[in-house]
There are 2 protein chains.
Amino acid sequence: MSPALTSETIEMYLKSICELETIESPVAISQLAQRQSVSSPAVIEMVKRLAAKELVTHTPYKGVALTVTGKKRAHNVLRRHRLWERFLVDVLNLPWENVHDCACRLEHATAPAVTESLAALLQHPVRCPHGNPIPDADGNLPDDEKLPLAALEIGQSATLVSVGYEETILLDYLSRRGFFPGVTLTVEDIAPYQGPLMVLIEGREQPCALGREIAGRVFVTMDSGEG
Amino acid sequence: MSPALTSETIEMYLKSICELETIESPVAISQLAQRQSVSSPAVIEMVKRLAAKELVTHTPYKGVALTVTGKKRAHNVLRRHRLWERFLVDVLNLPWENVHDCACRLEHATAPAVTESLAALLQHPVRCPHGNPIPDADGNLPDDEKLPLAALEIGQSATLVSVGYEETILLDYLSRRGFFPGVTLTVEDIAPYQGPLMVLIEGREQPCALGREIAGRVFVTMDSGEG
DNA sequence: ATATAAAATTAAGTTACCCTAATTTTAGTC
DNA sequence: GACTAAAATTAGGGTAACTTAATTTTATAT
Ligand SMILES: [Mn+2]
Ligand SMILES: [Mn+2]
Ligand SMILES: [Mn+2]
Ligand SMILES: [Mn+2]
């Protein structure tokens, strides 16, 4: 028997590689291991399988990069994931911070006909509830103008676009403090020595302290007249 | 590491055992093997795992039966399956004969919160598009009054309730000929030697020949005044 | 009661995916 | 340029779920 074309595990690796490539390319084995919560040898082994299927290229001791086919496949998973997220939030009214995990299971169990009917039902949404773009049916993913909140200087204002690197702990943390796509933020202070940013959400009284790590995962666009 | 509480494979075995139990109990290993499209040794091995988890009881050389826990678990899978089927037909407008396969994948990837929100969205439907009852959130499944079409005599009329033992080939075959829950059927003739039944769907000109095997999987209720 | 066919089970082996421990390679420091 | 810590890789092993081939048990038919 020839090995299966794909599997839930393979799809998750492809998706992770795709997401990590936006930060560094090629992607380090250790990064993938951390993201997938598995050991490095497990990653090495899987990377060999993926390379055999020509979904990634592996440069030993350097890292992994998606091939064109691999990237298409990854974008397709992302499409399913983000469409399900929209459905779960918009139609089923499930909480913004929980839908990521639900979608992460559904994404692997979705037939093409279901994906496309879902897209039609939702009227072909462009972004997931966390602000990340939804690839089109052909696998095209527009990369948008955005910069990490951590790149702002004191006094600058910006609009929250998206939460990169989605994970429930992070989404939970942000939602509790009112950080959603669309809100307007002002950096009131930046502590030295990689300390936290004091960020005010428009309409709130008190600013909120965000660590650099998190501020690097929250993406914004500068409000016009300030860029 | 203790073995996972459940898996897609385990859920499918439980569901199959549950469905087969309505025909014969305990369920024969060979029946399960056929239903799951795997070899008998594979079934034996899995049955041992299920027995270890106390989800089934296995009487060697006799067969398998669900425990109370096992049946609850099976009903829960059936609930998810049938709710997804309703969603796919009612909300996404996918074809009646295709949704079974789509739902068979989604059913294993559905968090409890998703299941219940889905049920609410659909206004707590009682039956799947193929007429089979949807267990409630507690796992209760009402067994309804119905008899196989094969049990009717010549001249008798009945209403199609459900298609048991769902499989795409069967659903495809029936949908092409107009057999859906709710239609009124009349048995016009029954061929001897296990030959086919000539069945007329109300409103049609020509009767349709259905083999005994299929007529045994189509369930009806007698129209009042004929039982 | 015995022969035989069918069903169930055991035996032995495979693949995907994971692990820990040991080793090798790379990159940064003096 | 050698020394060392971190990262990558190899070696060896495990489990879930499957396979085919061989064996045992049950059911049936004479
Ligand atoms: Mn996933
Ligand atoms: Mn998202
Ligand atoms: Mn299934
Ligand atoms: Mn159904």
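In what follows, every chain begins at residue 1, and chains take the letters A, B, ... in the order their sequences are listed. Small disclaimer: the values here were computed from a predicted structure and weren't measured.
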Can you check the A:Met46 CE to C:dC17 C1' distance for me, whole Å?
-> 7 Å
Rounded off to whole Å, could you give me the CD-to-C1' distance for the B:Glu11 and D:dA17 pair?
-> 16 Å
From the candidates C:dA11, C:dA16, D:dC18, the one with an atom nearest any side-chain atom of B:Pro41 is C:dA11
Please tell me which of the listed nucleotides, C:dT9, C:dC17, D:dT10, lies nearest to the side chain of B:Ser40?
-> C:dT9
Quickly work out the B:Ile10 CD1 to D:dC18 P distance and round it to whole Å.
-> 10 Å
Is A:Glu11 paired with A:Arg73 through a side-chain N to carboxylate O contact shorter than 4.0 Å?
-> no
Yes or no on side-chain hydrogen bond (donor to acceptor under 3.5 Å, both in side chains) for A:Thr67 and A:Glu54, after CA distance, side-chain angles and deciding distance?
-> CA-CA 7 Å; A:Thr67 63; A:Glu54 304 198 37; over 6 Å; no
Give a yes/no answer on whether the side chain of A:Lys48 brings an N or O atom under 4.0 Å of OP1 or OP2 in D:dT10.
-> yes
Aromatic A:Tyr165 / basic A:Arg35 pairing, under 6.0 angstrom, 45° off normal | yes
May I ask you to say what B:Ser39 touches in the nucleic acid, namely base, sugar-phosphate or nothing, with a heavy-atom cut-off under 4.0 Å?
-> base
How long is the line joining CZ of B:Arg35 and P of C:dA7, in whole Å?
-> 19 Å
Take the C1' atoms of the five end pairs on each side of the helix from C:dA1-D:dT30 to C:dC30-D:dG1, derive the two axes, and give their angle rounded to 10 degrees.
-> 10°
C:dA8 phosphate, OP1 or OP2, under 4.0 Å from B:His58 side-chain N/O = no
Determine the interplanar angle of the A:His130 and A:His100 rings, folded into 0 to 90°, and report it as parallel if under 30°, tilted if 30 to 60°, perpendicular if over 60°.
-> perpendicular
In terms of side-chain heavy atoms of B:Lys62, which of D:dT19, D:dA27, D:dA17 is nearest?
-> D:dA27
Charged N to carboxylate O under 4.0 angstrom, B:Arg105 versus B:Asp101?
-> no
Looking across every strand, which nucleic acid part, if any, lies under 4.0 Å from B:Pro60 by heavy atom: base, sugar-phosphate, or nothing?
-> sugar-phosphate
Counting any heavy atom closer than 4.0 Å, what does B:Ala4 reach on the DNA or RNA strands: base, sugar-phosphate only, or nothing?
-> nothing
With respect to the phosphate group of D:dC18, does any side-chain polar atom (N or O) of B:Tyr13 fall under 4.0 Å of OP1 or OP2?
-> yes
Side-chain contact check for B:Ser30: nearest option of C:dA8, D:dA27, D:dC18 is C:dA8
From CD1 of B:Ile29 across to P of C:dT9 the rounded distance in Å is 5 Å
Give a yes/no answer on whether the side chain of A:Arg49 brings an N or O atom under 4.0 Å of OP1 or OP2 in C:dC17.
-> yes
Pick from B:Cys128, B:Cys102, B:Pro125: which one makes a side-chain contact (heavy atoms from CB on, under 4.5 Å) with B:Glu85?
-> B:Cys128
Rounded to whole Å, CG of A:Leu55 lies from P of C:dA16 at a distance of 14 Å
Interatomic distance where OH belongs to B:Tyr61 and P belongs to C:dT9 [whole Å] | 6 Å
Indicate yes or no: at least one non-hydrogen side-chain atom of A:Trp96 is less than 4.5 angstrom from one of A:Pro181.
-> yes
Within this structure, what is the CD1-to-C1' distance between B:Ile44 and C:dT9, rounded to whole angstrom?
-> 6 Å
Centre of B:Tyr173's six-membered ring, under 6.0 Å away, within 45 degrees of the axis: is that where NZ or CZ of B:Arg177 sits?
-> yes
